[in-house]
Amino acid sequence: MKSAVVVFPGTNRERDMVRALERASGRHPALVFHKDTEIPPVDLIVLPGGFAHGDYLRAGAMAARSPVMREVIARAEAGVPVLGVCNGFQVLTETGLLPGALLRNAHLRFVCRTVTLRVENPQTLFTGRFAAGETFDTPVAHMDGNYFIDDEGHRRLADNGQIAFRYVAGGAPGEANPNGALDDIAGVFNESKTVLGLMPHPEDATDPLHGGTDGRKLFDGIVEALA
Amino acid sequence: MTEITPEIVAEHGLTPQEYDKVLEILGRQPNLVELGIFSVMWSEHCSYKSSKRWLKTLPTEGPQVIQGPGENAGVVDLGDGLAAVFKIESHNHPSFIEPYQGAATGVGGILRDVFTMGARPVMNLNALRFGAPDHPKTRHLVSGVVAGIGGYGNCVGVPTVAGEVNFHPAYNGNILVNAMTVGLAPADRIFYAKAVGAGNPVVYVGSKTGRDGIHGATMASAEFGADSEEKRPTVQVGDPFTEKLLIEACLELMATDAIVGIQDMGAAGLTSSSFEMASKGGMGVELDLDLVPLREAGMTPYEIMLSESQERMLMVLKPGREDEARAIFEKWDLDFAVIGQLTESGRMVLRWHGETVAELPIDPLAQAAPEYDRPWDEPEPAVELDERALPAEGDPLGALERLLVSPDLASRRWIWEQYDHLVGGDTVERPGGDAGVVRVAEGPKGIAATVDCTPRYCLADPRSGGAQAVAEAWRNLNAVGALPLAITNNLNFGNPEKPKIMGQIVGCVQGMGEAAAALGTPVVSGNVSLYNETDGQAILPTPVVGGVGLVPDVALVTGIGFPGDGLEIVVIGATQGHLGRSIYLREILGREEGAAPPLDLAAERRHGDFVRGLIHGGKIAACHDVSDGGLLVALAEMALAGNRGCSLAVPAGESALAGWLFGEDQARYIVVAEAALPILEAAEMAGVPAQAVGATGGSELQLEGYGHTSLARLRSLHEGWLPGLMGGDLVGAAE
């Protein structure tokens with residue numbers, strides 16, 4: 001599987017993502033800068049975490065309008081799979097590639113800790129390695145992860161299998177839902193399930209030193225689906 | 001031109017004697033720009049004039065030291081061509097006035113000190129002191145400081161992996177915010193501030209210069225009074241996004257050989273950075289202030305030179321390399337301007353609108369910086385606590401519960417969950433343990449770091465307290481399996497012009513020096529913050545030590561949590577039951593008195609080496625040092641971290657139960673292993689006291705003969721206090 005990781009000014013989890021992708025695919029992803037207008041031919045485009053453009057104005061708002069995103073949107077519309085993690089998820093909602101919005105955490109504080117996720121739809125190219133209802137642990141680290149969508153949009157997500165992951169109670173201390181997200185939603189797909197955005201960081205749960213390797217299933221599944 | 005009156009001199013924080021020296025150096029009256037430059041260069045903050053005499057006594061050398069004090073940060077060798085670059089720095093005064101920005105820019109400043117030297121920052125730490133939990137300002141300050149530290153560190157993408165927090169009424173009017181950064185650099189590519197080569201271009205990069213933070217260094221060199229709130233405009237505003245770009249751009253340029261010298265613009269901004277670079281190289285410098293990128297029109301030379309706008313750096317490049325450097329900074333959307341050049345004149349010449357607005361001799365100004373041998377009082381010896389007169393402890397588990405909800409021992413989770421402690425994917429030990437650990441260069445090596453100080457000991461006995469801070473850092477590093485390499489220090493005290501305070505400074509520095517020498521951890525960088533007083537009320541003496549150690553293999557790192565059932569628990573080090581100045585004495589008996597626990601540096605070294613050896617040999621499954629709150633608190637922390645209970649037997653003959661359970665004797669660790677016997681035998685061989693005290697297992701903490709308490713209950717108490725306080729539960733706070 002060939003992949004590209006997009007780097008905006010302020011992106012800071014690109015190294016974590018590159019290592020997770022290397023571990024799963026055995027290949028070094030191409031790094032694409034925000035000012036680039038072309039992306040090499042790849043099987044997967046990843047928008048990693050961070051604070052693109054400082055999260056100024058609104059998390060993801062400026063990044064969504066950067067030169068490289070025109071190409072990302074075009075590729076996504078042509079069916080190339082796109083994964084957005086944390087800030088990348090925020091960028092994807094700002095471009096309209098994913099529905100809904102990420103609001104400030106309900107408690108108004110940044111939150112970094114382990115959460116437990118439940119896989120809501122295992123029949124996608126991203127989640128093929130998981131069983132329906134399977135749970136796994138990953139860290140979160142964000143200020144604006146409070147997923148919101150209007151009632152009608154919410155219904156469409158649920159009906160169409162677009163809810164990817166929900167926060168559920170697990171072993172780690174603290175509330176199951178770390179940010180007040182609507183319906184405990186941690187990640188969503190687009191209608192065709194070729195674009196996935198999620199707030200947690202599966203890339204930071206791929207090495208025994210991370211305290212767990214649950215995130216590998218996601219990356220291994222993607223490689224399996226796209227190889 | 002403004003007439004320089006005695007009032008203006010006083011407003012600039014210069015004494016009449018210091019002003020006479022200015023006149024002598026210049027041979028004329030300074031203008032306002034020049035006076036401003038003298039003012040900041042000779043401020044306590046920049047010149048260390050009260051502390052220098054004593055700082056010189058600290059051990060600073062060792063085979064592992066690549067760079068000691070005097071540069072932007074200290075540098076130690078990690079082997080394999082790698083070096084750790086680190087320093088701690090205070091942002092106390094600004095954080096009290098404007099907690100979010102004060103703390104945020106403290107983090108930004110210390111990050112710059114580290115990447116200026118060519119290192120990529122890999123971990124942040126912080127040491128915080130707040131006033132009484134029920135003081136009306138405390139919640140506002142805690143909330144703002146924590147959000148500010150997180151807001152900056154999270155955005156730049158450097159994990160915040162460890163720290164410490166104390167609450168005490170002595171900090172009601174002066175909180176302490178000490179931030180530390182550790183970076184990783186190639187050992188043979190360290191960048192220094194020294195500027196050489198006449199004609200070489202002086203280059204300004206980063207953010208534009210605004211009017212923020214003018215005279216911050218002078219503010220940080222005076223006591224607070226009733227008007228401290230009015231000093232808000234002297235606090236800088238941080239922009240972590242620009243800092244992130246600056247890190248990337250600087251490191252990209254540093255991969256070339258275009259840079260001669262580089263220095264961040266911290267306290268006293270353009271003045272101190274240009275001055276220090278020229279001074280270190282024995283050069284002169286000419287700057288054209290019209291070329292400085294400005295945020296707003298109409299700024300005067302005085303404002304340009306004294307602005308403390310953040311995220312700015314000054315570099316001297318090799319001639320002809322400007323375009324290559326400019327391209328990198330423009331790629332990252334940062335300002336880049338050649339604003340002057342080095343000269344042979346030995347003078348600083350500032351031009352603006354075609355005129356010379358300041359001309360100062362560099363060397364005399366730097367050499368003549370005041371240095372005081374301030375009078376100091378020998379601290380009075382503390383009166384030993386009569387422990388036999390203390391009431392017998394009839395309910396030790398009840399006391400444990402009260403300790404776990406006390407301000408200095410309650411869980412800090414509410415704080416560190418606001419810090420991204422995982423970004424980078426290399427965090428091995430998360431906050432909540434003895435030291436933070438990150439893997440470096442894809443492993444197996446790692447760097448461990450910790451920040452430590454016990455101000456209540458320093459107040460009782462400055463010399464012993466200063467040494468204890470070094471010893472505790474040593475212990476915390478050993479406890480994760482790191483070889484302690486060196487330390488950085490942040491000396492936070494009151495007004496040094498008072499002999500009593502000066503006596504605390506002298507004592508703490510002496511003790512720190514003795515311990516640093518005995519434990520082989522030289523002081524390689526540091527910072528001094530004096531005048532932490534409000535209306536004559538000083539803080540507790542707080543000489544914070546930041547320790548850095550080398551982990552040879554991160555797979556061997558031990559955490560504090562009990563990792564399994566049926567493991568045996570061994571206490572390394574002798575338990576004498578010293579209760580003077582302990583948290584137990586303060587929280588349970590309401591007394592802050594007695595002597596600090598005695599410190600035996602030879603035993604400290606022996607025990608530390610022994611424990612580290614056990615960890616490297618894979619002989620133990622968990623380790624925790626015994627510090628605040630004593631043995632039972634340390635065991636409870638291990639049980640909570642591992643979510644596993646334990647049973648504990650008080651050894652026969654321990655008549656003073658409170659002292660055995662809650663005493664704060666030094667040089668102790670708790671280790672956990674499959675079997676106690678081999679550990680006890682090895683300890684005996686090494687001449688290290690060791691005692692088997694119990695075993696892990698179950699969901700309760702059992703104290704034979706005194707009952708048990710559930711982990712669930714302990715957890716809810718321990719985890720509940722700080723969220724309760726910050727959520728407005730002042731009843732809980734008063735407990």
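Each chain gets a letter, A, B and so on, in the order the sequences are listed, and its residues count up from 1. Bear in mind the structure is a predicted one, so any value in this text is a computation, not a measurement.
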### Task
Name the member of Val554(B), Asn643(B), Asp426(B) that forms the most heavy-atom pairs with chain A at distances under 4.5 Å.
Asp426(B)
### Query
Tell me, side chain or backbone of Thr11(A) under 4.5 Å from chain B's heavy atoms, or both, or neither?
backbone
### Query
Hey, which of Met17(A), Arg19(A), Arg113(A) has the most heavy atom pairs under 4.5 Å with chain B?
Arg19(A)
### Message
Only pairs of heavy atoms separated by less than 4.5 Å count here; which of Gly211(A), Ala141(A), Gly10(A), Pro139(A) has the most with chain B?
### Response
Gly10(A)
#### Entry: When Ala52(A), Pro173(A), Gly50(A) are compared by non-hydrogen pairs under 4.5 Å with chain B, the top option
Pro173(A)
#### Entry: Validation row: Leu218(A), Phe136(A) side chains within 4.5 angstrom (heavy atoms)
no
### Query
Quick one: what part of His53(A) sits under 4.5 Å from any heavy atom of chain B, side chain, backbone, both or neither?
both
#### Entry: Ring centre gap for Phe51(A) and Phe8(A) strictly below 6.0 Å
no
### Portion of Arg715(B) that has a non-hydrogen atom of chain A nearer than 4.5 angstrom
neither
### Query
Is it the side chain or the backbone of Leu245(B) that comes within 4.5 Å of chain A heavy atoms, both, or neither?
side chain
### Cation-pi check, Lys331(B) onto Phe33(A) ring (under 6.0 Å, within 45° of axis)
yes
### Task
Let me know if Val557(B) has heavy atoms under 4.5 Å from chain A in its side chain, its backbone, both or neither.
neither
### Query
Where on Asp239(B) is there a heavy atom nearer than 4.5 Å to chain A: the side chain, the backbone, both, or neither?
both
